[in-house]
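Source: prediction; values computed, not measured.
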Amino acid sequence: MSLTLLTAALIILSVSMLACLYRLLKGPTRSDRVAALDTIGIHVLAMIAVVSMLLDTQDFLEIILVIGILTFIGTTALARYIERGVVFEEGGDRHDR
């Protein structure tokens with residue numbers, strides 16, 4: 001029973017990831033593309049977790065953590081780029097000088 005449910009979860013995640021891939025490629029705005037990219041990262045994370053449950057191992061937990069951290073950093077950097085036009089600002093506040 002659980003094998004069937006986990007396989008169904010992988011199929012549902014795959015179909016959902018394809019929908020996000022479409023939004024990433026055809027998104028009308030940058031914000032839609034960033035949201036789609038973040039969602040794809042979460043889907044990859046979830047798929048690795050399901051595969052880990054299917055294989056009955058805990059070897060993939062570190063990979064899940066790394067992907068989660070990289071997804072967060074990437075989304076934050078892209079959001080900052082959309083908001084300000086640059087990821088890293090040169091100089092600092094006038095109080096820092």
Side-chain angles (χ1 to χ4, degrees):
M1 177 79 178
S2 67
L3 179 68
T4 306
L5 290 175
L6 291 174
T7 305
L10 278 176
I11 292 170
I12 291 169
L13 285 168
S14 300
V15 171
S16 179
M17 189 184 292
L18 286 175
C20 290
L21 184 64
Y22 175 78
R23 179 56 54 201
L24 180 68
L25 297 175
K26 300 287 184 179
T29 64
R30 288 186 205 165
S31 305
D32 291 334
R33 290 186 172 122
V34 169
L37 190 62
D38 185 46
T39 307
I40 287 173
I42 293 170
H43 279 87
V44 168
L45 196 140
M47 289 177 85
I48 292 173
V50 171
V51 168
S52 178
M53 286 188 276
L54 275 171
L55 297 177
D56 195 27
T57 183
Q58 294 181 357
D59 294 336
F60 298 120
L61 294 180
E62 291 86 10
I63 296 171
I64 291 170
L65 288 172
V66 169
I67 290 175
I69 291 168
L70 290 175
T71 300
F72 173 74
I73 291 172
T75 303
T76 305
L78 285 171
R80 186 172 178 142
Y81 176 74
I82 289 173
E83 180 182 320
R84 299 183 182 172
V86 294
V87 177
F88 299 109
E89 294 177 359
E90 294 188 28
D93 292 338
R94 59 187 170 124
H95 302 290
D96 291 340
R97 295 180 189 158

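- For L70, the side-chain contact (heavy atoms from CB on, under 4.5 Å) partners at least two apart in sequence or on another chain are V66.
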Under 3.5 Å, which donor-acceptor pairs link side chains of residues 20-35 to any protein atom two or more places apart or in another chain?
{"from": "T29", "atom 1": "OG1", "to": "D32", "atom 2": "N", "distance (Å)": "3.3"}
{"from": "T29", "atom 1": "OG1", "to": "D32", "atom 2": "OD2", "distance (Å)": "3.1"}
{"from": "R33", "atom 1": "NE", "to": "L24", "atom 2": "O", "distance (Å)": "3.2"}
{"from": "R33", "atom 1": "NH2", "to": "G27", "atom 2": "O", "distance (Å)": "2.9"}

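- The hydrophobic cluster around F72 extends to I69, I73, counting ILVMFWY residues whose side-chain heavy atoms fall within less than 4.5 Å of a member.
- Every residue meeting the side-chain hydrogen bond (donor to acceptor under 3.5 Å, both in side chains) condition with T57, not counting sequence neighbours, appears here in chain and number order: D59.
- Placement of L13 and L55 within a single hydrophobic cluster is found when ILVMFWY residues are connected by side-chain heavy-atom separations under 4.5 Å, directly or transitively.
- For the side-chain contact (heavy atoms from CB on, under 4.5 Å) test, residues two or more places apart in sequence or in another chain that qualify with I67 are V44, L45, I48, I63, T71.
- Atoms CD1 and CE, on I64 and M47 in that order, are 12.5 Å from each other to the nearest 0.5 Å.
- Under the side-chain contact (heavy atoms from CB on, under 4.5 Å) criterion, M53 pairs with L6, V50, sequence neighbours left out.
- In the hydrophobic clustering of this structure, L18 does not group with I12; members are Ile, Leu, Val, Met, Phe, Trp, Tyr whose side-chain heavy atoms approach within less than 4.5 Å, directly or through other members.
- Identified under the side-chain hydrogen bond (donor to acceptor under 3.5 Å, both in side chains) test for residues 35-56, with sequence neighbours left out: S16-H43, D38-T75.
- Taken together through direct or relayed side-chain contacts under 4.5 Å among Ile, Leu, Val, Met, Phe, Trp and Tyr, I42 and F60 form parts of separate hydrophobic clusters.
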